[in-house]
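Some notes on the structure that comes next.
As the structure lists them, so they are numbered: ligands from 1, and atoms in each ligand from 1. Everything numeric in this text was worked out from a predicted model, so none of it was measured.
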Amino acid sequence: MLAADALSDRAARLAALRAGLFERPARVSPKFFYDAQGCALYSAICELQEYYPTRTEAAIFERHREEIARHLPRGAQWVDLGCGDGAKSWPWLEAVGARRWVGVDISPQWLRISLQAGTGRFPGMALAGVATDFTRPLRLQRVLARFDAPPVFFYPGSSIGNFTPDEALALLRSMREHLGRDGRLLIGVDGLKERHVLEAAYDDALGVTAAFNLNVLRVVNRELDADFEPRRFAHRAQFNARESRIEMQLVSRETQVVRIGAAERRFDAGEAIVTEYSYKYAADGFAALLRDAGFGALQHWSDERGWFHVFVAAAA
Ligand code: AVJ
């Protein structure tokens, strides 16, 4: 496994986490959700009745896999961005006859799990893991240059939705720079739909998403030596139609003072910490973003309700 991030990067990440908590409104980047507990809760979210994205995307992949694969290079290096347990990749490796799998994830836990699963399922296939996050430009040129095969950048699950449109544009451009002539992007993005469907998906009846959101306070406590009490905050998920995004927040249930390292941060009753944006795109809006990022030859698949969109794109 390659640790792309040096120790100084870790220090910078923690400094940014700390600074965000003292902003107004306070904010924590969603990349901090995914410790071991957070990963387990996210897996549980994907099984929820209300959380349609994972299963809607999976159905599109199942139904159109052969056709999508015909738009992808054979014998590719399959670059799984935010690979998690890797399970979304495995059927694709077979469908395109991939020669190598490169898992990229912020969580070393996930990389260990997915590398082990991949080794079991594809003995003899070249596998690599890269630990990094996507808030900075990707630098995978050297890893990819070790293999003479075009890359497929696989970015499923609407993870792109965590970025503002400007940030998403920068990330897509950085993927585009890796593609070469034969490389492709295969990306899944959540569609715009009715508010009540969106809000239920991010505020489920069982409270799993609430737990996922609150868990970030435990991550903060551990990383910054803070004393947030999850019970003193409430989960909130609202669709902001003007910005076309779900906004997840943790709302202080009372006026309180939280210690963060050697400092203190007061939260008023009702004051919110912004933890996640999840942008939703109409198909044509996302196609325009891809074109802005230098992609062309767009192919698009969706489900019957138009709830989720899958695109294949090449460098324009
Ligand atoms: C992993 C970013 C795609 O935005 O839907 C799920 C994360 N947050 N429920 C999403 C998430 C709350 C998820 N992504």
Exercise for the section: Taking the six-membered ring for Trp and the full ring for Phe, Tyr or His, determine whether the centres of F33 and Y42 are under 6.0 Å apart. Expected result: no
Exercise for the section: Would you verify whether the NZ or CZ of R195 falls within 45 degrees of the ring axis of F239 while also being under 6.0 Å from that six-membered ring's centre? Expected result: no
Handout entry: Under-4.0 Å salt bridge between R236 and E199
Key = no
Exercise for the section: Could you tell me whether R13 and E223 have a side-chain N and a carboxylate O separated by less than 4.0 Å? Expected result: no
State the atoms of ligand 1, each with its element, that fall below the 4.0 Å cut-off from a heavy-atom position in [X].
X    : value
N162 : 2 (C), 4 (O)
Y34  : 1 (C), 7 (C)
S278 : 4 (O), 5 (O), 10 (C)
S158 : 3 (C)

Residue, atom name and distance, where the atom is the protein heavy atom closest to [atom]:
atom                    : result
atom 13 (C) of ligand 1 : Y51 OH, 3.4 Å
atom 14 (N) of ligand 1 : Y42 OH, 4.1 Å
atom 11 (C) of ligand 1 : E276 OE1, 3.6 Å

Exercise for the section: Evaluate the ring planes of F61 and W92, with Trp represented by its six-membered ring, and classify them as parallel (under 30°), tilted (30 to 60°) or perpendicular (over 60°). Expected result: perpendicular
Practice task
Assess whether ring-ring contact (aromatic ring centres under 6.0 Å, His included) is satisfied between F286 and F311, documenting all intermediate values.
Solution key: CA-CA 9 Å; F286 197 73; F311 286 88; 5.6 Å; yes
Practice task
Report the part of Y202 (side chain from C-beta onward, or backbone N, CA, C, O) that has a heavy atom under 4.0 Å from ligand 1; answer both or neither where that applies.
Solution key: side chain
Problem - ring-ring contact (aromatic ring centres under 6.0 Å, His included) between Y155 and F134, worked out - result: CA-CA 11 Å; Y155 200 35; F134 309 139; 5.7 Å; yes
Handout entry: ligand 1 contacted by G157 (non-hydrogen, < 4.0 Å)
Key = yes
